[in-house]
Amino acid sequence: MKKYDFSKIEKKFTQTWREKRTHEPDWNAPVRKKFYNLMMFPYPSAEGLHVGNMYAFTGTDIYGRFRRMRGYDVFEPIGLDGFGIHSENYALKVGTHPAKQAEVSEKRFYKQLEAVGNGFAWDERLETYDPAYYRWTQWLFTEMWRRGLAYRKKQLVNWCPSCKTVLADEQVEGGRCERCKTEVIKKDLEQWFFRITKYADKLLRNIETIDWSEKVKIAQRNWIGKSEGALVKFKISNSDSYLEVFTTRPDTLFGATYLVVSPEHDAISNFQFPISNKEEVEKYVKEAKKKSDADRVENKEKTGIELKGIKVINPANNEEIPIFVADYVLSGYGTGAIMAVPAHDERDFEFAKKFKLPIVDVISGGEAGVLYEGDGALINSGAFDGIDSEEAKWKITEFVGGKRHTQFRLRDWLISRQRYWGPPIPMIYCASCAELKKGEQKEMPGWYAVPEKELPVVLPIVKNFRPEGTGQSPLASVEEFYKTQCPACGGDARRETDVSDTFLDSAWYYIGYLQKIFNFQFSISNELMKERMRAWLPVDMYIGGAEHSVLHLLYVRFVAMALHDAGYLEFEEPFPKFRAHGLLIKDGAKMSKSKGNVINPDDYVKNFGADAFRTYLMFLAPFEYGGDFREQGMLGITRFLDRVWKMGMESKFADEKETDKKLETVVHQTIKKVTDDIESLQYNTAISAMMILLNEFEKKEAIPREYFKTLLLLLAPFAPFLTEELWQDLFMEKDGNFHSIHHAPWPAYDSKKLEKDSFVIAIQVNGKVRDEMEITKTMTREEIEKRARVLPRIEKFLDGKDPKRVIYVPGRLLNLVL
RNA sequence: GCCGAGGUGGCGAAAUUGGCAGACGCACUAGCUUUAGGAGCUAGCACCGAAAGGUAUGCGGGUUCAAAUCCCGCCCUCGGCACCA
């Protein structure tokens, strides 16, 4: 028998599929049943494709192949998210230019991606560093500018001292850089932002309409962080000024015994008030600002200092209360000032204890003097005593002249980066226009978007692309780049030298694949493009990692909403269905370079074949759960595939379709099981169902040809090469035409054939299994009970008595209760 | 601290959602075969027990004829958020 020579067969079909465009949609035919199957594209920063990528792609590809066989016109594109700090850092590390490195990585990645047998639409692949692509990334930026969604502002921002650039809030984890884990510090810098907060409410509300993995939806809800509360003004004693606070508990206003402002608050920096301990306060503020977020996260000990010489009036009870500055109040949230109610807020309680401030209970339900954060009837609250807290919230707000306010945690997306390897932000600053228009234009005078016909602003190839850490991009020292003319007055002007965040590149790439069909000639405002987008968008199935819950997946939704409101897209949600795959680990531990337990996918493809590797990855555990890769386990899959191969090669098929009802039932059950399991991404149990079927086949001398054909079809999405070879060999005419198994129709099951005529049920006495019995479909309950009672092992337990109760679960068990 | 997922043989995991716990696979044991290799085939494989039988799904209670699954109270692991007023 010919052994299965996977490397030869894989090579053959990789080529054939590419030539025959097996996995490309027919762009010229009218779209009937489209299916846009998308996986998060990789960033080719490290030493080739990571096995985690392989895991994600295989799982997505199986789904796409399944849909194709079910008659869908599947579009499954692939590309590289090659712009960005990942790739740039890698180039710096190995001492090459990122553009050079990109060429190398590109070849390597595409080769690897093809080698595992993914059914990609290769003609539409794209790379984010391709000027034809980033022309539209830049266009997107200018469109945001035109729509008032891009702006420049000086404020405290996150700065990574190692990456030497600013970062968006989403890219800081626990006070550390998401990428390099360095402690992030705060800097007061003028930067570009996207007004994502304008869509906070929509981003939140739409979550209810999309079919996504629940944990990702929750992560987004938390990140957006909607709070309903009130803005309340506290009058400063002997002054006409006020301090305004945001609170979600206006019902506790009578218990506000002091007020706290953040170190960055205007009340301090302006010093318009007669603060008597000014030096002390300044010193505290300076210290507090030095603290990194990482410090704050690790050390939550309350610190602060009173602003002496000024007081505010609690508007509820007209009592004079002190003001403190403390870094437990954040400047970026609400008004940067809070009313402190120590009796009913944990943080205020801690602070009050430490600084010996009065604690006044105003909500009943807890013990006196003990922290209580729940609801209850009001006490010590004047005319509001006895009212329930929920009701009191708005009554008290009204009473003190406050107003209801919805506060979001989400902040605007900081989009500029002081790095080299990204799309230059397509903006121009004209100093003379700025001077001229001073006062006339309120915001950002002198700034202009690069006109569309001048896009792309090409990233120049420069030798020194290393970030300087000066707060400016390396492009700021490239005169030929930044010197330009003002689009308005024609005078000397300066280009923006920062590049945009990598996440902008990936915020629209699902549209980019459709533009690639036209070689990026058209904007999404073009009619031809609109037609194509109508036909193919939104994406039908999106699969990727949960680590992008509040990064990519939030940005991409925001950009789609903006484009929708601009009239370019018909939908607000680009990914109505998203599934997060699990994490692949090795021998029970996370893979990491330092542990040296990183799996190199190439080795496995080479040693075991792509089919075995794919199938094994999917067999480990449910796809959405993750998997524990143990090399030994590969053998089980290799055996399984070898046995399928052997059965095909030996071709001992029954001449006529024998009427083995039991085997027929198993075949139909397997079709149903595999179909349902693939649909719900439970590939592991789909594979085990096919193993069971093969085990049944092997028990027979010969099986009908059709049954084997069914097994091949079911297996095709998992093992595309082996099944193709056997398919061509056994089931296709050698007529010169190529009919791929991957275009063959998916097997159908007959629901009438799912049930066996006879089966075994359990016989229980008092809920414990004592025996089992074979019954037929036609037997009545009485008959079964009668037979069961005379089974020797059951008789023994009955001991001549009649059971008190008999419970019969059809097809499962009979329980005799004594 | 909050949110989420989870805890089942030596291991990865199944269990039609309340109905025979451990499917499928790995590892292991015995036997056969052998072109002696990390090959193939057959059988066995939760635990205690000679058997009858008993005990088992993190721990402790409860509901039920019947609980891995439902309820109450704990413990542990992993992931996310983290002073958001």
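Throughout, protein chains are lettered first and strands after them, A, B, ... in sequence-line order, and every chain is numbered starting at 1.
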Check your understanding: Taking the side chain of A:L813 as heavy atoms from C-beta outward, which of B:A85, B:A82, B:G19 is closest to it?
Key -> B:G19

**Study point:** Length of the line joining A:K673:NZ and B:A14:C1', which is rounded to integer Å
**Key:** 8 Å

**Study point:** Rounded distance in Å between the C1' positions of B:A15 and B:A66
**Key:** 16 Å

Practice item. Specify the separation, in whole Å, of atom NZ of A:K215 and atom P of B:C3. Key: 18 Å

Review point. Quick one: stems for RNA chain B, with Watson-Crick or G-U pairs under 3.5 Å, at least three in a row?
Key: B:1-7 with B:75-81, B:10-12 with B:24-26, B:28-32 with B:40-44, B:46-48 with B:53-55, B:58-62 with B:70-74

Exercise for review: Could you measure between the two C1' atoms, the one in B:C41 and the one in B:A52, and give it in whole Å?
Suggested key: 36 Å

Review point. Quick one: A:M690 CE to B:A14 C1', roughly how many Å, whole number?
Key: 16 Å

Exercise for review: Write down the distance between NZ (A:K226) and C1' (B:C3), rounded to a whole number of angstrom.
Suggested key: 19 Å

Practice item. From the options B:C24, B:A27, B:G6, select the nucleotide whose nearest atom is closest to the side chain of A:S688. Key: B:C24

Study note, to complete from the structure: Whole-Å distance, A:Y683 OH to B:G12 C1', equals 19 Å

Review point. Hey, are the side chains of A:Y242 and A:F234 touching, using non-hydrogen atoms and a 4.5 Å cut-off?
Key: no

Practice item. State which of B:G19, B:G25, B:G6 makes the closest approach to the side chain of A:M691. Key: B:G25

Check your understanding: Using the C1' atom in both, what is the distance from B:U55 to B:G22, to the nearest Å?
Key -> 16 Å

**Study point:** Atom-pair distance (CG on A:L635; P on B:C28), nearest Å
**Key:** 10 Å

Check your understanding: Just how far, in rounded Å, is P of B:A67 from NZ of A:K768?
Key -> 9 Å

Practice item. Looking only at side-chain atoms of A:N695, point me to the closest of B:C83, B:C24, B:A15. Key: B:C24

Check your understanding: Where the side chain of A:R557 meets the backbone of A:L203, is there a donor-acceptor pair that is under 3.5 Å apart?
Key -> yes

**Study point:** Nearest-nucleotide pick for A:P622, side chain only, options being B:C81, B:A85, B:A13
**Key:** B:A13

Review point. Expressed in whole Å, how much space separates the P atoms belonging to B:A51 and B:A68?
Key: 25 Å

**Study point:** N-glycosidic conformation, B:U29 - syn within 90 degrees of 0, else anti
**Key:** anti

